[in-house]
Amino acid sequence: MQEIKIVPNPNPQTKPNDSELGFGRYFTDHMFVMDYTEGIGWHDPSIIPYGPIPMEPTMMVFHYAQETFEGMKAYRHDNGEIMLFRPYMNAKRHNNSNTRLCIPTIPEDDYVYYVKEFVKYEQEWVPHLAETSLYIRPFVFATECGMGVHPAKTYKFMIVLSPSGSYYAEGVNPVKIMVEHEMVRAVVGGTGFTKCGGNYAGSILAQKKAEESGYSQVLWLDGVHRKYVEEVGAMNIMFKIDGEIITAPCEGSVLPGITRDSILHILRDWGYKATERLLSIDEIMEAARAGKLEEVFGTGTAAVISPVGELKYKDEVAVINNFQTGPLTQKLYDYLTGIQWGRVEDKYGWMYPVK
Ligand SMILES: *Cc1c(COP(=O)(O)O)cnc(C)c1O
């Protein structure tokens with residue numbers, strides 16, 4: 001890793017109140033930037049004042065969407081320590097995304113070091129109030145200018161930080177999900193397993209359609225048969241049917257969530273049968289009719305665990321656990337957020353100190 005050049009912001013903002021943060025609305029006074037040039041590699045890591053970046057109309061990211069990103073959080077513990085959650089998983093996944101999109105990778109140790117040093121520099125911005133955190137958004141994009149599809153020769157790696165409020169201001173609340181049976185998000189062989197902006201661009205229409213019908217997110221089915229459940233918007237999804245917890249396997253079209261991995265780990269440790277397998281929407285609706293669809297929840301960094309209270313597939317609606325957060329869903333939420341905020345012993349060694 002290289003030494004980080006620092007240019008302090010001469011006009012720091014007044015920080016927002018911890019109780020009014022919301023999600024992704026405020027950004028800290030600085031941003032991290034590092035450039036890549038073919039033949040030189042990654043160079044000039046810097047922390048500079050947050051602000052506009054130079055760009056040209058012919059920059060390749062605008063035309064061919066060579067762009068990837070990550071999402072993670074820093075948590076302030078009661079003893080004042082600031083902690084990251086499994087940051088090497090993000091570094092590795094970002095590199096997997098980069099490799100698929102022909103973007104140069106960043107050594108994992110360097111990646112985690114830059115994230116950590118930047119968070120340390122902006123540590124005053126990690127909110128103090130319970131259930132709040134500093135959301136970390138690293139991203140990479142092609143900066144070479146010109147037409148013609150080929151891997152770019154220059155890139156920027158950047159990190160921005162956003163103090164974020166409690167996701168559940170009024171306690172953990174179930175959401176309504178609509179199963180999308182026409183549009184698809186990803187196919188095996190495509191980019192479904194990567195975090196790239198392109199995946200999201202193609203998903204916005206279905207998301208808008210669901211919202212117009214009063215549903216908060218879309219549940220995607222597999223791209224070939226439109227039969228097997230894959231994931232939700234920006235979350236993986238798990239179904240508890242007759243005591244067993246089932247989630248889609250990560251075999252190319254599903255994003256391998258770090259929350260998903262952590263929850264599977266905890267469930268197995270607790271003695272639950274947690275299975276990664278193809279699960280058809282028909283099997284789920286059938287289980288709901290038979291009263292065996294006990295709990296459904298999404299997993300992702302932003303909400304950690306998001307209980308699902310209602311699933312709509314074509315003309316059929318399944319209400320789950322009387323639209324109440326299920327006992328296992330609540331227990332998982334309390335345990336995993338307990339580890340993240342330092343209220344529960346970190347027996348897996350998942351927390352990584354920023355110091
Ligand atoms: C980021 C993301 C997830 C969740 O991953 P986490 O590492 O748990 O935050 C799930 N699905 C998609 C499409 C995502 O982009």
Side-chain angles (χ1 to χ4, degrees), residues 23-24 65 67-75 84-98 100-101 108 111-112 115 133-140 162 164 167 175 177 180 183-188 190-207 210 216-223 228-239 247-267 274 276 296-308 329 332-333 335-337 339-340 348 350-352:
F23 181 77
E67 187 268 353
T68 57
F69 67 96
E70 267 303 323
M72 57 205 289
K73 283 173 172 175
Y75 306 85
L84 303 174
F85 181 69
R86 308 184 77 184
Y88 275 87
M89 296 280 282
N90 295 91
K92 195 165 157 201
R93 184 170 69 187
H94 205 160
N95 279 337
N96 288 340
S97 301
N98 289 342
R100 178 63 182 81
L101 275 91
E108 286 167 29
Y111 190 100
V112 173
V115 167
S133 57
L134 184 70
Y135 184 77
I136 304 167
R137 168 55 60 85
F139 56 109
V140 186
S162 174
S164 295
Y167 198 86
V175 294
I177 302 268
E180 173 58 51
M183 290 178 258
V184 299
R185 187 191 88 95
V187 289
V188 174
T191 55
F193 68 94
T194 72
K195 259 180 138 60
C196 70
N199 287 344
Y200 278 85
S203 76
I204 294 170
L205 183 55
Q207 172 69 26
S216 68
Q217 299 221 31
V218 167
L219 170 57
W220 298 102
L221 300 177
D222 78 280
Y228 301 106
V229 293
E230 298 219 309
E231 60 178 307
V232 174
M235 293 190 292
N236 297 104
I237 187 161
M238 302 197 181
F239 300 85
T247 193
C250 291
E251 289 170 349
S253 52
V254 173
L255 196 287
I258 296 163
T259 321
R260 173 190 180 278
D261 180 85
S262 309
I263 291 293
L264 287 175
H265 212 90
I266 293 167
L267 282 171
E276 297 164 78
V296 180
F297 55 90
T299 66
T301 296
V304 188
I305 304 268
S306 184
V308 177
T329 307
L332 286 165
Y333 178 83
Y335 187 72
L336 186 52
T337 58
I339 292 176
Q340 291 170 333
Y348 305 110
W350 283 339
M351 303 313 289
Y352 184 92

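Atoms within each ligand, like the ligands themselves, are counted from 1 in listed order.
A donor-acceptor pair under 3.5 Å is absent between the side-chain atoms of N98 and the main chain of T68, judged by distance alone. Of the possible donor and acceptor atoms, none in the side chain of S133 sits under 3.5 Å from a partner among the backbone N and O of A74. Remark: side-chain polar atoms of R137 are paired, donor with acceptor, to backbone N or O of E70 under 3.5 angstrom.
Not a single heavy atom of S262 sits under 4.0 Å from any atom of ligand 1. Contact annotation: R185 has at least one heavy atom less than 4.0 Å from an atom of ligand 1. Contact annotation: A234 has at least one heavy atom less than 4.0 Å from an atom of ligand 1. The closest approach between a heavy atom of R93 and any atom of ligand 1 is below 4.0 Å.
Listed by number with element, the atoms of ligand 1 under 4.0 Å from a non-hydrogen atom of G257 are 5 (O), 6 (P), 7 (O), 8 (O). Residue Y200 approaches ligand 1 through these ligand atoms, each under 4.0 Å from one of its heavy atoms: 12 (C), 13 (C), 14 (C), 15 (O).
Among M72, E231, E230, the residue whose heavy atom lies nearest to atom 12 (C) of ligand 1 is E231.
Residues F85 and T259 have side chains not in contact (no heavy-atom distance under 4.5 Å, counting atoms from C-beta outward). Using a 4.5 Å heavy-atom threshold, the side chains of P87 and M72 count as touching. Residues T329 and I305 have side chains in contact (heavy-atom distance under 4.5 Å, counting atoms from C-beta outward).
The one candidate from Y200, F139, Y135 that meets the ring-ring contact (aromatic ring centres under 6.0 Å, His included) condition with F69 is Y200.
Polar contact check, K195 against ligand 1: a nitrogen or oxygen pair lies under 3.5 Å apart.
If you look at L255 next to ligand 1, the close heavy atoms, those under 4.0 Å, all belong to the side chain. Looking at N90 against ligand 1, nothing comes within 4.0 Å, counting heavy atoms.
Contact check on E231 versus R185 returns a salt bridge, with a Lys/Arg side-chain nitrogen under 4.0 Å from an Asp/Glu carboxylate oxygen.
For atom 9 (O) of ligand 1, the nearest non-hydrogen atom of the protein is T301 OG1, 2.6 Å. Here the protein heavy atom with the shortest distance to atom 8 (O) of ligand 1 is T259 OG1, 2.6 Å.
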